[in-house]
Amino acid sequence: MKMPRFSRKTLCIPYAVFLLFFVIVPMLVIVFYAFTDTANGFSFSNFINFFSDPTKLSTIVYSFVIALITTAVCLLLAYPVAYILSRSKMKKKNVILMLFVTPMWINFVLRINAIRELLKWIGLLGEANYFNTIFGMVYDFLPFMILPLYTTMLKIDNNLYEASADLGGNAFITFTRITLPLSMPGIMSGITMVFLPSMTNYVVSDMLGNSKVTIIGKFIETYFGTDWHMGSMIALILLVVVFVSTLLSGGFKSEDNVRGANI
């Protein structure tokens, strides 16, 4: 009796089954509801209603702006931290890195409640709703920006910095010609990991913005409780926005193209 032979194609079967039932089928369901009416007949009414409603258009613009500001602040805070840790010769730098990661081990709702109490103690809760929302998102997503930047910078060969110094390159030239180009994969990864969730994380906006800051994720959650057809259309439009944003930010480029071999 011959023993069954396993090939690479056989090992792909579990992944293909998972992809079919948990990615493709749900997407087909979303597309079906998005382009049908309450009688399940084909219709563009949901699409037309979305782009003819100023409230929905302003919400997606607000969501985009909040996500953009959150990503920019996270990048400005995370880049120097990741650079210092990656270049530092401290023996305990892993402990410092762990301090940034540790909050991720705590329940998300507990973390947001702690920030809510802090803002309440300061006196900002109920007043600076947009500031509170962005502050909460930066606090929540900052580790997701630090980690890819740190791991990318850690791989940069120190010989490149020595060569730059030998050739007379100052700190600015070394940063712009070596550090920044070679850290681009980490930047792109961090932007993707922060920007995309920031557009839909309505829990932060609800708890810290006192439900006065409505982002596109809240719209989706609300409509899926009453109208699956409009909820599916909003989710589909958000998917297109995310796809275009990732495409423009270079998220689909291969690592060799992003790293920049023309240093």
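All residue numbers in this chain count up from 1 along the given sequence. Values in this document were obtained by computation on a predicted structure and should not be read as measured data.
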### Task
Would you please indicate if the ring centroids of Phe100 and Tyr150 are separated by under 6.0 Å?
no
### Message
What's the separation between atom CE in Met153 and atom OG in Ser183, rounded to the nearest 0.5 Å?
### Response
4.5 Å
### Query
Please walk me through it: do Asn158 and Arg87 pass side-chain hydrogen bond (donor to acceptor under 3.5 Å, both in side chains)?
CA-CA 9 Å; Asn158 287 328; Arg87 297 289 297 156; 2.7 Å; yes
#### Entry: Value rounded to 0.5 Å, distance of OG1 in Thr152 from OH in Tyr83
15.0 Å
### Query
Nearest 0.5 Å, what's the CD1-CG distance between Ile237 and Asn46?
9.0 Å
### Message
Under the side chain to side chain contact (heavy atoms under 4.5 Å, CB included) test against Tyr202, which residue among Thr133, Thr214, Ile215 passes?
### Response
Ile215
### Task
Find out whether Met145 and Tyr79 are in side-chain contact, i.e. whether some heavy atom of one side chain is under 4.5 Å from a heavy atom of the other.
no
### Task
Compare all side-chain heavy atoms of Ile187 with those of Leu149 and state whether any distance is below 4.5 angstrom.
yes
### Query
Got a second to check how far Ile48's CD1 is from Met233's CE, nearest 0.5 Å?
9.5 Å
### Query
Between OH of Tyr62 and OG1 of Thr55, what distance do you get to the nearest 0.5 Å?
10.0 Å
### Query
Quick one: does Ile69's side chain get under 4.5 Å of Tyr130's, heavy atoms only?
no
#### Entry: Cluster overlap Leu20 with Phe22, hydrophobic side-chain contacts below 4.5 Å
yes
### Task
Report yes if the side chains of Phe195 and Thr70 come closer than 4.5 Å at any heavy-atom pair, otherwise no.
no
#### Entry: Within 6.0 angstrom of Phe51 CZ, more than 12 heavy atoms from elsewhere
yes
### Task
Name the orientation class of the two ring planes belonging to Phe131 and Phe135 (parallel below 30°, tilted from 30 to 60°, perpendicular beyond 60°).
parallel
### Message
Taking the cut-offs as 6.0 angstrom to the six-membered ring centre and 45 degrees off its axis, would you call Arg177 and Phe172 a cation-pi pair?
### Response
no
### Task
Indicate yes or no: at least one non-hydrogen side-chain atom of Arg116 is less than 4.5 angstrom from one of Asn113.
yes
### Task
Quick one: sort the Phe44 and Phe42 rings into parallel, tilted or perpendicular, breaks at 30° and 60°.
perpendicular
### Message
Please say yes or no: joined through hydrophobic side-chain contacts below 4.5 Å, possibly via intermediate residues, are Leu99 and Leu85 part of one cluster?
### Response
no
### Query
Any donor and acceptor pair, going by atom type alone, linking the side chain of Trp228 with main-chain N or O of Phe224 inside 3.5 Å?
yes
### Message
Give me the atom names and distance for the closest heavy-atom approach of Ser232 to Ala34.
### Response
CB-N, 3.6 Å
#### Entry: The single option from Thr179, Thr174, Asn159 passing side chain to side chain donor-acceptor pair (under 3.5 Å) against Ser164
Thr174
### Query
Is the closest side-chain heavy-atom distance between Leu236 and Phe35 below 4.5 Å?
yes
### Message
Do Ile156 and Tyr161 make a side-chain contact, defined as non-hydrogen atoms from C-beta onward lying under 4.5 Å apart?
### Response
yes
### Query
After noting the C-alpha distance and the side-chain angles of Thr38 and His229, does the key distance pass the side-chain hydrogen bond (donor to acceptor under 3.5 Å, both in side chains) rule?
CA-CA 7 Å; Thr38 54; His229 301 278; over 6 Å; no
### Message
As an exercise, state the distance from OG1 of Thr200 to NZ of Lys218, rounded to the nearest 0.5 Å.
### Response
13.0 Å
### Query
Between Lys56 and Tyr223, does a side-chain hydrogen bond (donor to acceptor under 3.5 Å, both in side chains) hold up when you go through it step by step?
CA-CA 12 Å; Lys56 294 183 179 66; Tyr223 273 105; 3.0 Å; yes
